[in-house]
Amino acid sequence: METKVRFFDYPKQFKAKQEAYMRIVRETFSKGSYILGSEVDAFEREFAALTGARNAVAVGNCTDGLLLCLYALGVGSGDEIITVSHTFVATVEVIVALGATPVFVDIADDHNMDVDKVEGALSQNTKAIIPVQLNGRICSNMDKLVELAAERGVSIIEDAAQSVGAKFKGKCAGTFGIAGCFSFYPAKLLGTFGDAGAIVTDKDDLADKLRMIRNHGRSTHGEVVLWGMNSRMDSVHAAILSYKLGFVKETIKRRREIAGLYHRGLSGISHLKLPPPPVENDDHYDVFQNYEIEAENRDELRRYCEENGVETALPWGGKGVHQFEALGIKSVELPRTEQLFEKALMLPLYPELTDEQVEYVVEVVSQFYS
Ligand SMILES: *Cc1c(COP(=O)(O)O)cnc(C)c1O
C-alpha cells in the first residue's frame, strides 16, 4: 500500500513556504553574509525573548551547545554528570567526549527524568545534571530538581532540544538551570534546512564565554583568549529561523491540536498509554515535538500501521543509550527505561498533517486493537 501518512514530511514543509525561503536565501547570500552575520545577532535576540532568557548564543547544533556548556563549566575527567538513558545519544556523548562520566537515573511516568531518583545519584563528583525535556514536555517536579541542585551546588543544563516554547508553571524550557540547549534540526519544532542550535542563559559572563568558545576562543577583537572550537551558526539558517519564529506560536498551537485529536481518538483503547493531553491553564504547557505512546503488541501494531500506509517510528531505533552495546556502558539498572523501550512508539505529529490524516492514523490503530 502507498504511504498515506509519512512519519515526517520534509519536502512538504519546504514547499509550503518555498517562495519565502528562497527569497531569504537570495537576500542573505547577496549581502555576502554567510557565518555569524547580523542575521545571527537578530535571531539570538528574538530567540532569547521567546524563552524569556537574558541571552541566547547561536551555535552549530544542539549537541555542540551541550558540549560547549559542559566545557565552559570546566567539566572533565573525574566529574560525574547525571542524566537519563531515554534520550538521543547526543546528550551522553558530550559527557564522554570531555572525559567525564555519565550517571544514569531512571525515568518517571512522563518518560522524563525521575526527579525522585536524582538525590541517590548525587556524589562528591557530580558537576552537573542534564534533564532532558523530551517530546516537548518539561520534567514533572522540575522545581524540586532546581531546589535540589541549588542545595548541592550542582549546575543544571537542560537538554531542551525538543522543547522550544514548552512551559512549566509559566517558565520556558531552557531557563530552569544555568543554561539550556535547543536544536533547530529540520524535523524539530523550530527547524531549519540544515544543522543549527542555540544555548540560552541568564548569566551574561557565561554567554560571553560561550560566544568566544564557539568562535575559536576569540574575543570580539579577534584576540585568542582561551581554547575554543568552531561551532558557529550560518547566517542563512538564522534568517530562516527568524522567519519561522514569526509563526512558531501557530506551529505549537497546531501541534497541540493534533495531540488533542489523537487523545480524543485513542484514549478509549485500554492497550495504549497516551501522553497527557494538551490542557489550558495546566502547570505543563507541552509543545508535542513527538507523540510517544506505550502500546501493547507494539511491533505488530507497527507492522499493521505500515501495511496500511502509516509510518511510525521507534525512539532512537528502539534502545536507550545504555543499551547500545558498542558504547560499553557498564550495566546500570533502569527498569522503567527498559520497559518503556519495549512499548514505545511514535505516531506522526507535525503541523503539515491534515485532520483527515490524523483521523486515518486513529482509525488504523483502533482497527488493530478491535
Ligand atoms: C535532536 C536532539 C539533540 C541533538 O540536536 P542536534 O541539533 O541534532 O545536535 C539532542 N538531544 C535531544 C533530546 C534531541 O532530540
Side-chain angles (χ1 to χ4, degrees), residues 7-8 10 40 43 47 56-71 81-98 102 104-105 107 110-113 128-139 142 156-166 173-174 176-177 179-200 210 213-214 229-234 237-238 240-241 244 255 275 286-292 313-322 324 327 337 340-341 344 346 349-350:
F7 184 71
F8 190 79
Y10 292 97
V40 175
F43 174 67
F47 191 69
V57 179
V59 290
N61 53 70
C62 179
T63 310
D64 281 359
L66 292 163
L67 181 71
L68 262 65
C69 287
L70 292 175
Y71 177 73
I81 311 294
I82 296 174
T83 190
V84 288
S85 178
H86 178 237
T87 185
F88 187 40
V89 69
T91 320
V92 185
E93 73 193 356
V94 296
I95 301 168
V96 176
L98 290 169
F104 294 102
V105 294
I107 52 171
D110 62 357
H111 301 185
N112 278 336
M113 179 177 275
I129 304 168
I130 308 184
V132 184
Q133 318 294 25
L134 216 57
N135 299 328
R137 182 178 174 88
I138 296 175
C139 292
M142 197 58 209
I156 292 177
I157 298 167
E158 284 170 77
D159 180 342
Q162 301 196 354
S163 282
V164 169
F176 289 87
C181 301
F182 293 88
S183 173
F184 310 124
Y185 181 85
K188 296 279 156 78
L189 185 159
L190 179 66
T192 182
F193 303 97
D195 274 316
I199 305 162
V200 299
L210 290 166
I213 296 172
R214 76 171 172 190
M229 57 192 82
N230 178 358
S231 186
R232 299 176 298 213
M233 187 188 278
D234 295 334
H237 291 314
I240 287 168
L241 289 166
K244 290 184 86 175
R255 283 183 174 273
D286 300 342
V287 297
F288 295 93
Q289 167 66 54
N290 299 304
Y291 198 77
E292 186 179 60
L314 300 185
W316 305 291
K319 283 182 185 178
V321 177
H322 76 289
F324 289 101
L327 298 180
T337 302
L340 174 64
F341 275 105
M346 304 211 288
L349 197 163
Y350 46 94

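Each ligand, and each atom within it, is numbered from 1 in the order the structure gives. Just so you know, these numbers come straight off a predicted model, no measurement behind them.
Ranking protein heavy atoms by distance to atom 2 (C) of ligand 1, first place goes to Lys188 NZ, 2.7 Å. Scanning the protein heavy atoms around atom 4 (C) of ligand 1, the nearest turns out to be Thr63 OG1, 3.6 Å. Here the heavy atom of the protein found nearest to atom 7 (O) of ligand 1 is Ser183 OG, 2.7 Å. Protein heavy atom closest to atom 3 (C) of ligand 1, with residue, atom name and distance, is Phe88 CD2, 3.6 Å.
Side chain of Gln162 to main chain of Asn135: a donor-acceptor pair is present (N/O by atom type, distance under 3.5 Å, no hydrogens or angles). A donor-acceptor pair is defined here as one N or O able to donate and one able to accept, closer than 3.5 Å; no such pair exists between the side chain of Lys319 and the backbone of Phe341. Of the possible polar contacts, none joining the Thr337 side chain to the Ser85 backbone as a donor-acceptor pair under 3.5 Å is found. Looking only at distances, no side-chain donor or acceptor of Gln289 sits under 3.5 Å from a matching main-chain atom of Gly136. Between the side chain of Asn112 and the main chain of Pro131, no donor-acceptor pair closer than 3.5 Å is present. No donor-acceptor pair closer than 3.5 Å links the side chain of Ser231 to the backbone N or O of Val59. Of the possible polar contacts, one joining the Ser163 side chain to the Gln133 backbone as a donor-acceptor pair under 3.5 Å is found.
Ring centroids of Phe182 and Phe184 are separated by 6.0 Å or more, keeping the two rings apart.
Those atoms of ligand 1 that come under 4.0 Å of a heavy atom in Ala161, given as number and element, are 2 (C), 3 (C), 10 (C), 11 (N), 12 (C), 14 (C), 15 (O). Counting atoms of ligand 1 from 1 in the listed order, those under 4.0 Å from a heavy atom of Gln162 are 15 (O). Counting the atoms of ligand 1 from 1 in the order shown, those under 4.0 Å from a heavy atom of Thr87 are 13 (C). Those atoms of ligand 1 that come under 4.0 Å of a heavy atom in Val132, given as number and element, are 13 (C).
Contact annotation for Asp159 and ligand 1: only side-chain heavy atoms (C-beta onward) come within less than 4.0 Å of the ligand. In Cys62, the parts holding a heavy atom less than 4.0 Å from any atom of ligand 1 are both the side chain and the backbone.
Note on ligand 1: Gln289 sits outside its first shell, no heavy atom being nearer than 4.0 Å.
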